[in-house]
Amino acid sequence: VRAWRYGLLAAQLSGKLGLMSIAHKHHFGYDGYPTDDDVAYIYYKNIADQTQKDRDQHVEDDVFTETIRLTDTNALNEITNENDDLFLWLKVQAKKGVTDAQAA
């Protein structure tokens with residue numbers, strides 16, 4: 001009973017794992033939940049929206065910095081390569097208006 005309550009509380013607080021648990025239970029009808037794909041869809045959609053927002057949001061704590069010597073041409077070429085994932089990510093972030101990405 002306590003686990004059931006904690007699951008509901010997590011879902012009410014929009015915790016992703018709590019929402020996923022409730023969605024899964026509604027989708028398959030586990031633990032006495034009625035099978036209801038429409039309700040499950042609402043929970044899954046909420047999780048997807050939160051995840052997309054988290055991906056697009058720039059958070060200072062998620063930034064990784066690395067020291068590179070300007071004389072190390074291999075490392076410089078790797079970072080300044082316009083087809084590199086880091087360069088393309090910074091370009092997308094700069095288009096979205098993230099000032100730190102625009103300065104990089």
Side-chain angles (χ1 to χ4, degrees):
V1 173
R2 291 178 90 187
W4 181 74
R5 285 183 187 163
Y6 284 131
L8 287 176
L9 179 63
Q12 284 180 337
L13 297 175
S14 294
K16 290 180 192 172
L17 292 177
L19 290 170
M20 182 71 80
S21 173
I22 300 296
H24 191 73
K25 289 176 183 183
H26 275 290
H27 183 69
F28 293 104
Y30 293 146
D31 296 336
Y33 284 81
T35 303
D36 190 342
D37 289 335
D38 293 332
V39 172
Y41 172 80
I42 292 168
Y43 284 115
Y44 285 131
K45 176 76 167 106
N46 188 336
I47 298 163
D49 291 342
Q50 284 184 37
T51 303
Q52 185 65 41
K53 182 180 172 188
D54 290 345
R55 280 186 54 202
D56 292 340
Q57 188 175 9
H58 179 72
V59 179
E60 288 292 328
D61 295 339
D62 293 342
V63 176
F64 173 73
T65 57
E66 181 178 356
T67 305
I68 296 175
R69 296 181 185 265
L70 296 176
T71 56
D72 188 356
T73 56
N74 290 335
L76 276 173
N77 287 337
E78 188 177 311
I79 288 180
T80 57
N81 181 5
E82 291 187 13
N83 294 324
D84 186 57
D85 289 339
L86 176 61
F87 181 83
L88 295 174
W89 181 81
L90 286 171
K91 191 174 176 181
V92 168
Q93 292 295 314
K95 285 182 181 178
K96 290 183 178 182
V98 177
T99 55
D100 293 339
Q102 292 171 354

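Being a predicted model, the structure only gives us computed values, none of them experimental.
- Taking all atoms of both residues into account, the shortest heavy-atom contact from Ala23 to Ala40 is O-CB, 3.5 Å.
- Every residue meeting the side chain to side chain donor-acceptor pair (under 3.5 Å) condition with Gln52, not counting sequence neighbours, appears here in chain and number order: Asp56.
- Residues passing the side chain to side chain contact (heavy atoms under 4.5 Å, CB included) test with Leu17, sequence neighbours excluded: none.
- Between Gln50 and Leu19, the closest side-chain pair of non-hydrogen atoms falls below 4.5 Å.
- A side chain to side chain donor-acceptor pair (under 3.5 Å) check over residues 35-44, counting only residues at least two apart or in different chains, returns the pairs His27-Asp37.
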Derivation of the side chain to side chain contact (heavy atoms under 4.5 Å, CB included) call for Asp54 and Lys16: CA-CA 11 Å; Asp54 290 345; Lys16 290 180 192 172; 2.4 Å; yes
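- For the atom pair Ile22 CD1 and Ile42 CD1, the distance stands at 13.5 Å (nearest 0.5 Å).
- Applying the side chain to side chain contact (heavy atoms under 4.5 Å, CB included) criterion to Phe28, with sequence neighbours excluded, gives His24, Tyr30.
- The existence of a salt bridge linking Asp49 and Lys45 is confirmed by a sub-4.0 Å separation between a basic side-chain nitrogen and an acidic carboxylate oxygen.
- The hydrophobic cluster containing Leu9, built from Ile/Leu/Val/Met/Phe/Trp/Tyr side-chain heavy atoms closer than 4.5 Å, also comprises Leu13.
- Residues passing the side chain to side chain contact (heavy atoms under 4.5 Å, CB included) test with Val92, sequence neighbours excluded: Lys96.
- A continuous path of Ile, Leu, Val, Met, Phe, Trp and Tyr side chains, each step under 4.5 Å between heavy atoms, connects Ile47 with Leu8, placing both in one hydrophobic cluster.
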